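Working notes for the structure below.
In the text below, chain A, chain B and the rest are named by the order of the sequence lines, each starting its count at 1. Basis for what follows: all heavy atoms, side chains included, without hydrogens, waters or symmetry-related copies. All values derive from a computational prediction rather than experimental measurement.
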Protein chains: 2
Amino acid sequence: MRIGELSKRTGVSPRLLRYYEEQGLIGAKRSPNGYRDYDERYVDRVHQVRGLLDSGLSTRIIKQLLPCLDRPDAIYVSDATPETIAVLERERERMDERIRCMVRNREAITDYLARVRRGGDAPAEEADPTGEAAPAGASAPVAAGG
Amino acid sequence: MRIGELSKRTGVSPRLLRYYEEQGLIGAKRSPNGYRDYDERYVDRVHQVRGLLDSGLSTRIIKQLLPCLDRPDAIYVSDATPETIAVLERERERMDERIRCMVRNREAITDYLARVRRGGDAPAEEADPTGEAAPAGASAPVAAGG
DNA sequence: ATTGACCTTCACACCTATGGAAGGGTTTGA
DNA sequence: TCAAACCCTTCCATAGGTGTGAAGGTCAAT
């Protein structure tokens, strides 16, 4: 398929698809006339890239990750340089932290929304059985960044 | 404490702390002499902001999130405009998606690393420190972005 | 030939983050 | 008292990242 169809099927603008290609995230065969020629795999590939970007990973990192996330089984294992493996391990740790941080903050938001809904627009009293009001950062939804 | 100490204790430069204040992420009391005056809470606060930024949230969103993540319980409930609540709900959904995406991709990386180690030159086992629930059978590291 | 999709390339916008200079006040300690 | 170290503001400039817009040309089908 050409870039327009891939764009429609992924919801990613042609402009952005070309940008991703420029960044080395996706590559396409070319038809004799110079048009980009994508096969079915690219639909998932683009979604994957989008997901990783939305996860906060940079294009530079994603470029290194992608060969490892492809799943034609263990072929690429031999491709992985020790350097790449180190990058992956570091990035996995970062993802761990990010996940922990987001989970905690999401819980906090969930709690907040629940409280708002319970109390409506009237200032809700703290009839909270948990009691503790968290004096100084006790149960703070903090997650260290880096 | 003053900005220099907060900087040392958070690892965030004074320059950046002022920037965050300018963006409305943190605010400080002022001493009579005009110096910023932070109390202990701000150490966590700064870490929290860093974590959220590292999670991919923009300063604009974080600004709206923060009042809800503070935990002096139900005081801020009356502060929340319907608009803010809508923002929160939307953002929570986004966080859900981002979390799902990251978990999946982290599993994929974990799998890959395990495979490399099994077939590579240094067979080693490692436990997953987070124990995050992984969707059983979801092998595709793809996660929709938008 | 006109239309629409595609091509490349240049330039730009926004965001986070940082640096420096100018010009001036405050604290601390020798 | 004097200097060093810290703090203040404002402004300007920069860097790298993601993402767009538009110009000017090509390809293919009606």
Practice prompt. To the nearest Å, give me how far apart CG (B:L57) and P (C:dT16) are.
Written response: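 Rounded to the whole Å, the gap is 11 Å.
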
Worksheet entry | Any donor-acceptor N or O pair under 3.5 Å, side chains A:R9, A:Y38 | no

Nucleotide of [options] approaching [X] most closely (side-chain heavy atoms):
X     : options               : result
A:R36 : D:dG19, C:dT8, D:dT20 : C:dT8
A:Y35 : C:dT26, D:dG19, C:dC6 : C:dC6
A:L53 : D:dT18, C:dA5, D:dC7  : D:dT18
B:Y19 : D:dT20, C:dT16, C:dC6 : C:dT16
B:Q23 : C:dT16, C:dT8, C:dT27 : C:dT16

Item to complete: Determine, for A:D37 against A:R2, whether the closest basic-nitrogen to carboxylate-oxygen distance falls under 4.0 angstrom.
Response: no

Fill in: Salt bridge flag under 4.0 Å for residues A:R30 and A:E21
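Between A:E21 and A:R30 there is a salt bridge, with a charged N closer than 4.0 Å to a carboxylate O.
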
Worksheet entry | Test item: B:S55 side-chain N/O and B:L57 main-chain N/O as donor-acceptor pair under 3.5 Å |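 Here the side-chain-to-backbone pair does not exist.
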
Fill in: B:R60 or A:E21, whichever maps to the more 5' nucleotide of DNA chain C
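Whichever sits nearer the 5' end wins; that is A:E21.
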
Practice prompt. Specify the residue among A:Y20 and B:E5 whose closest nucleotide of DNA chain D lies further upstream toward the 5′ end.
Written response: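 Result of the comparison: B:E5.
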
Discussion item. Categorize A:R18 for me: base, sugar-phosphate, or nothing, with a 4.0 angstrom heavy-atom threshold over every strand shown.
Written reply: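 Contact class for A:R18: base.
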
Practice prompt. Decide yes or no, distance alone: a donor-acceptor N/O pair under 3.5 angstrom between the base of C:dG19 and the side-chain of B:R15.
Written response: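 Checked by distance alone, the answer is yes.
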
